[in-house]
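Here is how names work: the chains are called A, B, and so on, in the same order as the sequence lines, proteins then strands, and each is numbered from 1. Being a predicted model, the structure only gives us computed values, none of them experimental.
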Amino acid sequence: MTREIYFERLGASEEQWLSVKPGEKITFGRSVTNRIRLYSEFVSREHAVIEQTNGNIYITDLKSLNGIHVNEVKIKTNIKHQLKVGDKVEIGKPLDCEEWKHLKLCDRFVYEVKEDEVNNLLKRPVMAKVHKSLFSVKQHQERTKMVGIKRKQENVEVASTKPELINILHQPKTEVKLITNNDVSDQDKDVKTQEEKPQHPNGVLLNDNYVAFVKNSTFRKLTRLEKQLEMQREESAKEKQNLEDEFRRRENMLKSELLKYEQLAKENNDTNTKDQLVRKEAELSNLLKEMKEKEKLENEKVAKNEELLRDKEQQLRDEMMKEKVLAQQREKDAAMAAQREAEELAKKHVVGKLEEELQCIICSELFVKSTTLNCSHTFCQFCIDGWLKKKNKVCPVCRAEVTSRNHSLVLDNYIEAAIAEMSPELQERRKMLITERKNAEAALKDPPKPIRKRKRKR
Amino acid sequence: MAGCFVQKRIQKEILTLKNSPPPGMKLCDDSLSSPGQFMVEVKGAEGTLFAGEEFKLLFKFGQSYPFDSPQVTFVGNQIPVHPHVYSNGHICLSILTEDWSPALSAESVCLSIISMLSSCSEKKRPPDNAFYIRTCSKNPKNTKWWFHDDKV
Ligand SMILES: [Zn+2]
Ligand SMILES: [Zn+2]
């Protein structure tokens with residue numbers, strides 16, 4: 001009776017087995033390319049390899065993050081570690097993780113090295129290709145969302161996020177918030193209340209709210225997409241599992257038949273049996289070939305789907321960015337329009353006040369060379385001079401005797417500044433007015449005793 | 001040009017009379033056609049001797065307006081019978097000559113005239129009416145007024 005050393009996953013529902021043939025390398029890890037795929041973020045992409053040399057079984061840690069423990073002792077990385085029957089091998093056990101100790105075996109990746117007769121083994125199913133951990137899967141879902149956020153913040157690829165993941169698990173209350181389903185529904189609420197908020201007269205949602213609104217709607221799309229991605233992964237993993245289970249069953253059946261015929265052939269040495277043996281062997285190799293083919297196809301399908309979804313994700317992110325820029329632009333425009341409006345209004349107001357307060361009562365113009373009398377009444381220099389040439393040297397407003405007149409530079413400057421803000425037509429008019437006055441002043445350049453002259457003329 | 005200079009001032013006065021005239025006053029739109037002058041309809045105030053009567057005042061603005069007063073006379077068939085108003089429409093009012101100030105306007109002149117009419121206690125012509133209208137110039141501004149008692 002031939003005996004065979006094999007591996008069995010502890011905590012699995014069925015007693016599945018996996019043996020290592022001489023020269024064969026059985027790899028364990030998270031990525032799809034491994035012989036045994038361990039579906040957990042605590043497992044590195046390429047984590048461990050088991051091989052047989054001269055009847056001895058060895059395991060090697062491929063510089064994984066969380067390492068390999070043999071009988072609770074962590075083995076050195078990158079060095080072949082010999083295993084013996086009865087050894088318990090654990091793959092991907094995070095250091096210093098309190099929760100780990102309380103996990104069921106089925107949520108960890110613990111394998112025992114066992115030995116049994118080949119005939120017994122053949123009655124049992126071969127070890128499944130994918131091993132899951134309920135704990136890992138749950139965490140994994142959160143991780144996907146987490147990484148989504150992280151990526152959004154830092155624009156880094158997910159490729160190797162191992163250190164962050166450990167942090168997240170060990171310190172769940174770090175500044176990074178895990179998004180659970182509750183959070184998502186909260187966000188829905190937020191969006192609703194924001195939609196009810198008052199709108200800017202120009203039809204633009206107010207500032208931050210608008211950006212938040214856009215961000216949230218696209219963000220929700222993203223979250224949905226990521227969920228979809230995750231579901232697809234699970235589905236294809238399940239499908240693969242089914243496919244493989246079926247193959248394994250057929251393989252086992254063939255193998256046991258093969259074994260039977262081998263023994264028969266040994267005992268009887270008859271050609272008929274030998275023929276059948278050859279046929280069965282061919283069938284087996286065909287089956288293996290078929291299996292490889294199907295697996296390849298499945299992998300390709302998954303990769304294609306993932307790529308498709310990733311493209312869509314990127315598209316959404318781009319869209320989100322564009323929307324954000326657009327919203328900011330709109331916000332800026334609205335703010336500028338409002339400011340312009342306010343300025344226009346202020347200008348109008350100032351001009352109106354100016355017209356009222358800074359008008360010369362004699363000519364009804366804004367003061368030209370404002371001149372203030374001793375009684376505090378102000379006129380244009382031209383206007384008051386024109387009046388004072390008359391015999392009555394009194395203020396036109398209060399009839400107080402004029403004893404002094406002073407030029408008011410402040411008023412002049414203020415009026416000039418105000419006029420610079422007015423329409424070009426008004427500015428042109430003002431220019432004309434000033435030139436007119438200058439000319440008129442030059443024409444009447446004999447102020448000392450005009451009164452008597454005029455009297456005589458009368 | 002002085003005409004240019006007063007343009008805005010006269011325009012503003014016309015606008016004020018047109019848009020927000022004081023009670024009892026109305027700018028005659030058809031009088032706006034000739035530049036430098038316009039007519040204002042004046043109503044005698046209620047409760048006075050001139051209540052219900054309407055008169056027309058003609059304003060003529062000279063080149064030196066507003067340094068010089070405008071020429072203001074009653075025109076038309078209705079000339080109020082008043083001790084300061086001659087039958088030819090000339091008005092003896094100090095702000096129209098000696099007491100003129102460029103701070104005054106057509107509106108304030110109208111108000112003064114209405115107030116002058118309102119304060120009248122007896123409808124009669126000035127005592128020198130007959131002599132005055134024979135000798136005066138067409139322009140009342142050329143008259144050297146001997147101002148009548150203000151309390152008429
Ligand atoms: Zn002036
Ligand atoms: Zn004064």
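Within a 6.0 Å radius of NZ in B:K123, other residues, nucleotides and ligands contribute more than 12 heavy atoms. No more than 12 heavy-atom neighbours from other residues, nucleotides or ligands sit within 6.0 angstrom of CD on A:E401.
Minimum interatomic distance between A:S364 and B:K12 (heavy atoms only, all atoms of both residues): OG-CD, 3.5 Å. Listed here is the closest heavy atom pair of A:R399 and B:D99: NH2-O, 2.6 Å. Taking each heavy atom of B:A103 and A:P396 in turn, the nearest pair found is CB-O, 3.2 Å. Between A:W387 and B:F67, the shortest heavy-atom contact is CZ3-O, 3.3 Å.
Atoms NZ and OG, from A:K389 and B:S64 in turn, are 11.5 Å apart once rounded to the nearest 0.5 Å.
In this structure, the side chain of B:R9 does not engage the main chain of A:E365 through any donor-acceptor pair within 3.5 Å.
For chain A, no part of B:I10 is nearby; none of its heavy atoms comes within less than 4.5 Å.
Taking non-hydrogen atoms and a 4.5 Å limit, the residue list of residues 39-47 of chain B in contact with chain A is empty.
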